[in-house]
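Residue numbers start from 1 in every chain, and the chains themselves are labelled A, B, ... in the order their sequence lines are given, proteins ahead of strands. Because the structure is a prediction, the values reported are computed rather than measured.
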Amino acid sequence: MALSKLDNLYRQVILDHSSHPHHHGVLDESTNEIEMNNPTCGDVIQLQLHIEDGVIKDMRFDGSGCSISTASASMMTDAVIGKTEQEALVLIEQFSELVQGNETGDLDDLGDAAMLSGVAKFPARIKCATLGWKALEQGILEKQDTTVSKQLHREDKGE
Amino acid sequence: MQTLDHWRQDFPILKQQVNDEPLVYLDNAATTQKPQQVLDVIEAYYQQDNANVHRGVHTLAERATKSYETAREKVQQFIQAKSTKEILFTRGTTTSLNWVAKSYGDLAVEKGDEIVISYAEHHSNIVPWQQLAKRKGAKLVYIELTDDGYLDLEDAKAKITDQTKIVSLAHVSNVLGGINPIKTLTELAHQHGAVMVVDGAQSTPHMPVNVTELDVDFYAFSGHKMCGPTGIGVLYGKQALLEKMEPVEFGGEMIDFVYPQESTWSELPWKFEAGTPNIAGGIGLGAAIDYLTAIGMDTIHQYEQELVAYVLPKLEAIEGVTIYGPKDPKDHTGVIAFNIEGLHPHDVATALDMEGVAVRAGHHCAQPLLQYLKVPATARASFYFYNTKEDADRLVDAILATKEFFQNGLI
Ligand SMILES: Cc1ncc(COP(=O)(O)O)c(C=O)c1O
């Protein structure tokens with residue numbers, strides 16, 4: 001039966017994450033929030049980050065998405081909480097390569113998210129898998145941007 | 001049940017395996033497949049007649065022009081317009097609706113006027129009106145739907161008033177699949193002095209359409225949803241209105257005389273068709289119309305209704321499956337949006353694809369409708385005359401297998 005191929009995509013771990021996502025909901029206190037959607041299908045994710053001294057202390061996600069995007073966001077939270085922004089950016093890049101079927105070396109740091117490598121065989125679903133990660137990337141970059149511009153601003157004033 | 005099986009043989013693309021299963025193509029609301037006859041006509045045009053239209057004196061230019069204008073006549077007869085002056089070739093439904101909103105909208109709509117649409121519209125029948133409303137300070141008003149998925153006619157009577165300048169509605173919804181009573185709605189619009197615009201993207205391919213009898217003012221549809229190529233569509237408009245309207249685009253083909261500071265327009269329908277048109281597209285659409293006419297639009301409509309009457313109860317009988325739109329197969333075209341409890345439609349569509357069954361998942365370019373229905377997304381199977389009872393059975397079996405996989409699979 002052709003559905004047996006689905007096993008490559010929907011591993012049990014993935015279904016566990018999608019039915020019981022980790023860090024799902026909202027944070028009491030967040031340093032920044034990102035909402036991102038996938039216009040081709042209408043999936044939406046709201047991501048709340050608590051970043052302190054360049055470290056992702058905590059995060060939550062909410063929204064509506066398929067099992068791949070939900071599981072992927074859940075796995076992402078496990079992988080990046082406690083990491084620095086720079087470490088997280090590296091993981092985001094690594095994950096993006098992984099789901100596009102490219103060699104990415106050591107996958108240990110991705111944790112369960114490494115299980116999503118099967119997505120590469122389902123090109124229509126790559127965007128589902130990367131939605132949460134893109135939101136995180138935007139959150140980190142925006143924050144760095146504002147910090148940089150704030151710093152510049154201060155330097156401006158100092159002159 | 002009659003069978004149209006022999007027509008199916010004309011579609012080479014349907015004879016393939018997808019994911020090791022024979023393809024069951026059920027995404028016809030997005031675009032339909034093309035029969036060999038249409039592909040042949042397009043190829044022959046490029047191999048034998050290709051030239052620019054309305055410009056040359058040479059033989060090929062003559063032939064190309066004749067084929068292109070003959071296609072316009074075919075469209076005219078197909079939707080029973082009074083004259084080819086009323087048939088404008090466009091890029092598709094989206095362009096057609098944008099032209100009406102821009103050209104007629106600029107002419108007729110003023111601050112404080114109302115434009116009436118419904119909650120069951122495609123984005124292409126929403127966004128151009130939003131933009132017009134913004135430009136003019138007009139108000140966009142939505143007709144509600146009934147709980148069982150019909151346009152609420154009582155609400156239509158309440159919303160269409162003397163304030164209304166334009167009513168624009170789909171003939172058939174691309175999500176709910178219901179057929180709107182366009183004739184009644186047109187009378188209503190006319191009683192209040194409004195024009196009636198119809199989005200015929202999902203009706204024209206599937207049922208006989210007579211714009212004169214419906215008395216609509218504008219009617220839009222796309223070639224690619226009716227066995228024709230992409231990039232070609234039609235805007236029908238009543239001649240008296242088109243005469244008053246300004247072109248939306250300017251350039252070659254659409255002019256009569258060009259002076260340094262001033263120009264005059266060509267006559268209808270060319271006044272609206274600036275630049276080199278999609279000649280092969282028009283000719284391909286003409287071939288598609290010949291093809292559909294040979295089968296018979298009545299036959300197609302009746303056959304699809306039988307197919308829906310066959311599959312709808314089977315889908316409804318599956319535990320956990322919700323169907324959107326009218327429940328009575330008589331009122332439901334071959335567009336069937338559904339969800340399986342506990343499963344996201346993307347996951348459903350991927351699983352069905354593994355079974356060789358192509359359906360769409362998502363918001364179907366109708367976000368206000370899905371917000372209205374309070375569902376983030378649905379799966380959608382949409383049938384055409386080349387689909388069979390076996391295709392319907394394959395869909396049902398694939399849904400059962402999908403449920404099984406996600407509930408108990410992964411052994
Ligand atoms: C009801 C309806 N209106 C408009 C459109 C837009 O058609 P097109 O993309 O061919 O312009 C579609 C098709 O997607 C449709 O289903």
Next item on the list: May I ask you to check whether over 12 heavy atoms, not counting those of B/Arg91, lie within 6.0 Å of atom CZ?
Entry: no
Next item on the list: Decide yes or no for B/Thr350 and A/Arg125: does some side-chain heavy atom of the first lie under 4.5 Å from some side-chain heavy atom of the second?
Entry: yes
Checklist line | B/Gln16 atom CD: more than 12 heavy-atom contacts under 6.0 Å | finding: yes
Item checked: Other residues, nucleotides, ligands: >12 heavy atoms within 6.0 Å of B/Leu400 CG -> yes
Next item on the list: With a 4.5 Å cut-off on heavy-atom pairs, point out which of A/Ser69, A/Ser19, A/Ser67, A/Ser18 contacts chain B the most.
Entry: A/Ser67
Check: Which residue out of B/Ala351, B/Gly342, B/Ala398 racks up the most heavy-atom pairs below 4.5 Å with chain A?
Finding: B/Ala351
Notebook entry, point to check: Where does A/Asn38 contact chain B at under 4.5 Å (heavy atoms): side chain, backbone, both or neither?
Noted result: neither
Check: When heavy-atom pairs shorter than 4.5 Å are enumerated against chain A, which of B/Thr402, B/Leu370, B/Asn19 gives the highest number?
Finding: B/Asn19
Checklist line | Crowding at NZ, B/Lys134 (>12 non-hydrogen neighbours, <6.0 Å) | finding: no
Note to self: So which residue, A/Ser64, A/Gly65, A/Cys128, ends up with the most heavy-atom pairs under 4.5 Å with chain B?
What the structure shows: A/Gly65
Notebook entry, point to check: Under 4.5 Å between any side-chain heavy atoms of A/Lys5 and B/Asp20, yes or no?
Noted result: yes
Item checked: Heavy atoms from other residues, nucleotides or ligands near CG of A/Asp28 exceed 12 (cutoff 6.0 Å) -> no
Margin query: Looking at every non-hydrogen atom in both residues, tell me the closest pair between A/Leu3 and B/Phe405 and how far apart they are.
Written below: O-CE1, 3.9 Å
Margin query: Nearest 0.5 Å, please: how far is CG in B/Asp347 from OH in A/Tyr10?
Written below: 3.5 Å
Margin query: Between A/Asp43 and B/His346, is there a side-chain heavy-atom distance shorter than 4.5 Å?
Written below: yes
Check: Are there more than 12 heavy atoms of other residues, nucleotides or ligands under 6.0 Å from atom CD of B/Glu319?
Finding: no
